[in-house]
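Quantities reported herein were computed from a predicted structural model and do not represent experimental measurements.
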Amino acid sequence: MAKNTNNKPLIIAGICAGVAALAVGLGKAFKSMKATAKAQHEVDKAEFEAAKAEAKASFEENRGHNTYAKAKADAKKSWDDAHMSPSERSAKMQEECAAKTAEAKARTEAANARYEAAKKK
């Protein structure tokens with residue numbers, strides 16, 4: 001009598017079980033991703049609405065301040081900035097950087113003074 005060593009049905013059954021488990025796992029993963037995407041969409045929608053409302057409020061608050069003269073001055077500044085030579089642009093940037101650095105140093109000194117005063121209490 002010959003011994004039957006055909007294990008193909010067992011291997012196929014094992015593969016089918018693995019594929020079924022994988023399909024169930026992927027199904028759960030996709031459901032989770034769908035829920036996460038929906039939640040993120042709601043957050044994005046709410047943030048967009050908030051930004052839109054803030055922009056409208058800002059526009060209304062500044063309605064009287066946005067005059068023709070101011071718009072013209074801003075346009076001239078923009079035009080002048082766009083037509084600067086590279087050396088003029090770098091000089092202007094250096095001046096702006098120096099002003100920002102000085103402001104930051106002043107804020108740092110004020111914060112350190114507040115810290116020392118609070119520390120002594």
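By the 4.5 Å heavy-atom criterion applied to side chains, E42 and K45 are counted as neighbours.
The distance from the NZ atom of K31 to the OG1 atom of T36 is 14.0 Å, given to the nearest 0.5 Å. One finds the NZ atom of K100 at 9.0 Å from the CE atom of M93 (value rounded to the nearest 0.5 Å).
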Can you list, pair by pair, the side-chain donor-acceptor contacts under 3.5 Å of residues 73-81, counting residues two or more places apart and other chains?
| residue | atom | partner | partner atom | Å |
| --- | --- | --- | --- | --- |
| D74 | OD2 | K70 | NZ | 3.2 |
| K76 | NZ | D80 | OD2 | 3.0 |
| K77 | NZ | D81 | OD2 | 3.3 |
| D81 | OD1 | K92 | NZ | 2.6 |
| D81 | OD2 | K92 | NZ | 3.1 |

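Judged by distance alone, the side chain of S32 and the main-chain N or O of K28 form no donor-acceptor pair under 3.5 Å. Judged by distance alone, with hydrogens and angles left aside, the side-chain atoms of S58 form no donor-acceptor pair with the main-chain N or O of E54 at under 3.5 Å.
No side-chain N or O of N112 forms a donor-acceptor pair with one of E116 less than 3.5 Å apart.
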